[in-house]
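FYI, side chains are in, hydrogens and waters are out, and symmetry mates aren't considered; it's all heavy atoms of this structure. Please read all numbers here as calculations on a predicted model, not as lab measurements. Throughout, numbering of the chain's residues begins at 1 and tracks the sequence.
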Amino acid sequence: MPSTDPPAVVVAESPGVAGLAAHPAALPRFWAGVAERGTPLLEPAGPGRHTATFLWRGDAATTNVLLLANRLADRDDLAPSLMRHVPGTDVWHLTYLLPDDYRGSYQIAVDEAAHTEPPDNAYWQRLMAAARTDPFNPRTLPTGRSGRASSIMELPDAPVQPWNAPSGAPEGEVVEHRFTSEILGNERSLWVYRPRPGGAIAATAGTDGTDDGTGGLPLLVLLDGNLWFPLLDFRHTTDNLIAAGRIPPMLVVGVDAIDVPTRRRELGGDPRFRGFLRTELMPWARRRLGATRDPAQTVVAGQSFGALAGLDAPDLFGGVLCQSPSLWRAPETVDAYAAADTRLRLHLSVGRYEGAMVADTRALTGVLRDRGIEVTHTEYTGGHDFVCWRGCMAEGLAALASRPTR
């Protein structure tokens with residue numbers, strides 16, 4: 001496990017912007033270079049580091065520009081995230097000093113005042129609605145719970161993510177179902193992925209609505225399915241992993257979070273959600289989809305609040321994939337982790353820019369290993385971010401789903 005401390009957020013100076021400030025007449029050439037290279041501007045800053053400069057081209061009416069970079073901006077103190085204006089030009093800029101393996105997402109909000117006091121939720125929601133992608137950066141990804149796009153920044157040594165894009169692998173089938181929960185009193189979508197190895201939809205017992213008890217396909221229950229399938233196109237990840245032999249052909253059920261308040265309530269430790277998983281969703285997946293009954297071939301995966309679900313049900317989920325777990329949110333769930341059935345296998349991942357979550361996740365890993373529970377633990381140089389999670393999801397799934405039946 002890495003022993004290095006989480007990195008500090010360091011605001012730096014850009015040599016390129018400093019040169020422009022000294023010679024404002026170079027402004028046309030400066031913007032021409034930006035249009036050609038894109039942003040952020042990356043400039044070497046010693047071994048293993050670059051400065052990353054974010055830019056906005058303002059006008060006479062621009063009063064401020066706020067850079068909302070995932071976990072580089074402090075939600076409780078946004079003033080340091082305000083871009084600086086180069087006098088006599090239309091250039092607004094902010095530069096961070098970052099490790100070469102950093103990856104993250106960001107947005108830009110123009111003419112939105114940064115509070116000197118911690119902003120309330122109403123201000124933050126208005127800010128998120130006003131934020132936009134970087135016009136000089138064509139790389140974007142839907143990263144917010146609302147599905148709005150963010151710009152992507154990757155430094156030269158950011159870990160490769162080879163499983164995300166279409167590759168010519170046999171394509172699985174994704175079908176959206178509507179599911180009514182009597183326990184939760186609501187209705188939601190479920191996105192069901194079925195693999196197509198060798199060009200034919202994989203068949204297994206139960207695909208016609210019956211269950212003959214012979215087994216069935218391995219299963220991944222993927223929380224926040226409304227992001228992973230319609231927006232992030234997770235089908236390519238599973239297609240590629242199956243084709244490469246990293247995971248067996250398996251079913252995936254992506255569970256809709258419905259909306260932010262529902263997600264917070266259900267994934268934040270609501271025992272009724274565990275009841276939904278146990279007595280409604282899993283029987284449905286076995287009966288309707290032909291999913292396995294073997295916990296060792298069944299994985300549940302989630303991020304943040306969602307990383308806390310399914311941990312106290314080793315009879316359902318033999319593998320638990322936890323990304324950036326919000327361990328502070330539900331202490332009783334943390335206790336369940338610490339008392340987890342030793343048959344469980346866990347994969348924990350966390351971003352090194354996630355503050356106290358790094359130490360919490362490291363501590364949990366140590367507790368579980370001391371109890372003899374099989375745990376893999378990875379850390380990446382980034383934040384609380386789907387741009388990072390989608391790569392770590394593939395790694396974690398390969399670590400958990402390829403294990404034999406216990």
Checklist entry - Salt bridge check: are R103 and D385 linked by an N-O gap of less than 4.0 Å? => result no
Checklist entry - With a 4.5 Å limit on heavy-atom distance, are the side chains of R194 and L289 in contact? => result yes
Next on the checklist: So does V375 get a backbone contact from the side chain of R369, meaning a donor-acceptor N/O pair under 3.5 Å?
Outcome noted: yes
Checklist entry - How about Y193 and F234: are their ring centres within less than 6.0 Å of each other? => result no
Checklist entry - Do R148 side-chain atoms and M128 backbone N/O form a donor-acceptor pair below 3.5 Å? => result yes
Checklist outcome for this item: From the list T51, T95, L97, L94, side-chain contact (heavy atoms from CB on, under 4.5 Å) partner of V11 resolves to L94
Checklist entry - Can you list the steps and then say if R288 with V192 is a side-chain contact (heavy atoms from CB on, under 4.5 Å)? => result CA-CA 11 Å; R288 290 287 302 276; V192 175; over 6 Å; no
Checklist entry - Rounded to the nearest 0.5 Å, what separation is found between the CG atom of L190 and the CH2 atom of W284? => result 5.0 Å
Checklist entry - Do any N or O atoms from the side chain of R264 and from the backbone of F305 form a donor-acceptor pair under 3.5 angstrom? => result no
Checklist entry - When you measure from the side chain of N70 to the backbone N and O of H384, does any donor-acceptor pair fall under 3.5 Å? => result yes
Checklist entry - Any donor and acceptor pair, going by atom type alone, linking the side chain of D90 with main-chain N or O of R57 inside 3.5 Å? => result no
Next on the checklist: Could you report the tightest heavy-atom contact between S150 and S105, atom names first, then the distance?
Outcome noted: CB-CB, 3.8 Å
Item to check | S324 side chain near Q303 side chain, heavy-atom distance below 4.5 Å | outcome: no
Next on the checklist: Ignoring hydrogens, what is the shortest heavy-atom contact between A131 and Q107? Give both atom names and the distance.
Outcome noted: CB-OE1, 3.6 Å
Checklist entry - Any side-chain heavy-atom pair from L98 and Y353 closer than 4.5 angstrom? => result yes
Item to check | N137 (side chain) donor-acceptor with I152 (main chain) under 3.5 angstrom | outcome: yes
Checklist outcome for this item: Sorted by chain and number, sequence neighbours left out, salt bridge (Lys or Arg N to Asp or Glu O under 4.0 Å) with R272 holds for D270
Next on the checklist: Checking R235 against W191 for the side-chain contact (heavy atoms from CB on, under 4.5 Å) test, could you report, in this order, the C-alpha distance in whole Å, the side-chain angles of both residues, the deciding distance, and whether it holds?
Outcome noted: CA-CA 10 Å; R235 67 191 306 169; W191 287 268; over 6 Å; no
Item to check | Approximate separation, where rounding is to 0.5 Å, of R178 CZ and E187 CD | outcome: 4.0 Å
Next on the checklist: Checking side-chain contact (heavy atoms from CB on, under 4.5 Å) between V299 and each of L220, V252, I247, L219, which is the one that passes?
Outcome noted: L220
Next on the checklist: Please evaluate residues R278 and L316 with respect to the criterion side-chain contact (heavy atoms from CB on, under 4.5 Å), reporting the C-alpha separation (whole Å), side-chain torsions for both, the decisive distance (0.1 Å), and the verdict.
Outcome noted: CA-CA 7 Å; R278 177 178 295 280; L316 295 180; 3.8 Å; yes
Checklist entry - Below 4.5 Å, heavy atoms only, C-beta onward: do M153 and D134 meet side chain to side chain? => result no
Checklist entry - Should M250 and L397 be marked as a side-chain contact (heavy atoms from CB on, under 4.5 Å) after you check the CA-CA gap, both sets of side-chain angles, and the distance that decides it? => result CA-CA 11 Å; M250 67 187 309; L397 187 57; 4.3 Å; yes
Checklist entry - How would you list, by chain and number, every residue that makes a side-chain hydrogen bond (donor to acceptor under 3.5 Å, both in side chains) with N164, sequence neighbours excluded? => result Q161
Checklist entry - So, does R188 use its side chain to make a donor-acceptor pair with the main chain of I258 at under 3.5 Å? => result no
Item to check | R390 CZ to D233 CG distance, which is reported to the nearest 0.5 Å | outcome: 10.5 Å
Item to check | Nearest heavy-atom neighbours spanning R352 and P7 | outcome: O-CD, 3.2 Å
Checklist entry - What orientation do F273 and F276 show, parallel under 30°, tilted 30 to 60°, or perpendicular over 60°? => result tilted
Next on the checklist: Within the 4.5 Å heavy-atom criterion, are F179 and E280 side-chain neighbours or not?
Outcome noted: yes
Checklist entry - Mind checking whether T292 and L217 have side chains closer than 4.5 Å, heavy atoms only? => result no
Next on the checklist: To the nearest 0.5 Å, what is the distance between OG on S304 and CE on M357?
Outcome noted: 5.5 Å
Checklist entry - Hey, is the main chain of N226 close enough, under 3.5 Å, to the side chain of D256 for a donor-acceptor pair? => result no
Next on the checklist: I'd like to check M393 versus L222 (side-chain heavy atoms, cut-off strictly below 4.5 Å). Are they in contact?
Outcome noted: yes
Next on the checklist: To the closest 0.5 Å, what do you measure between OH (Y106) and CG (L67)?
Outcome noted: 8.0 Å
Checklist entry - Which heavy atom in P162 sits nearest to a heavy atom in N240, and how many Å separate them? => result O-ND2, 4.4 Å
Checklist entry - So, for A149 and T140, which heavy atoms are closest and what is the spacing to 0.1 Å? => result CB-CB, 4.3 Å
Checklist entry - Just by distance, do the side chain of D111 and the backbone of T63 share a donor-acceptor pair under 3.5 Å? => result yes
Next on the checklist: Under 6.0 Å between ring centres: does that hold for F136 and W31?
Outcome noted: yes
Checklist entry - For Y380 and G383, which heavy atoms make the closest approach, and how far apart are they? => result OH-O, 2.8 Å
Checklist entry - Has the side chain of R246 got a donor or acceptor atom that lies under 3.5 Å from a matching backbone atom of A398? => result no
Next on the checklist: Rounded at 0.5 Å granularity, tell me how far OG1 in T298 sits from CE in M282.
Outcome noted: 5.0 Å
Item to check | Side chains of N186 and E266 in contact at under 4.5 Å (non-hydrogen atoms) | outcome: yes
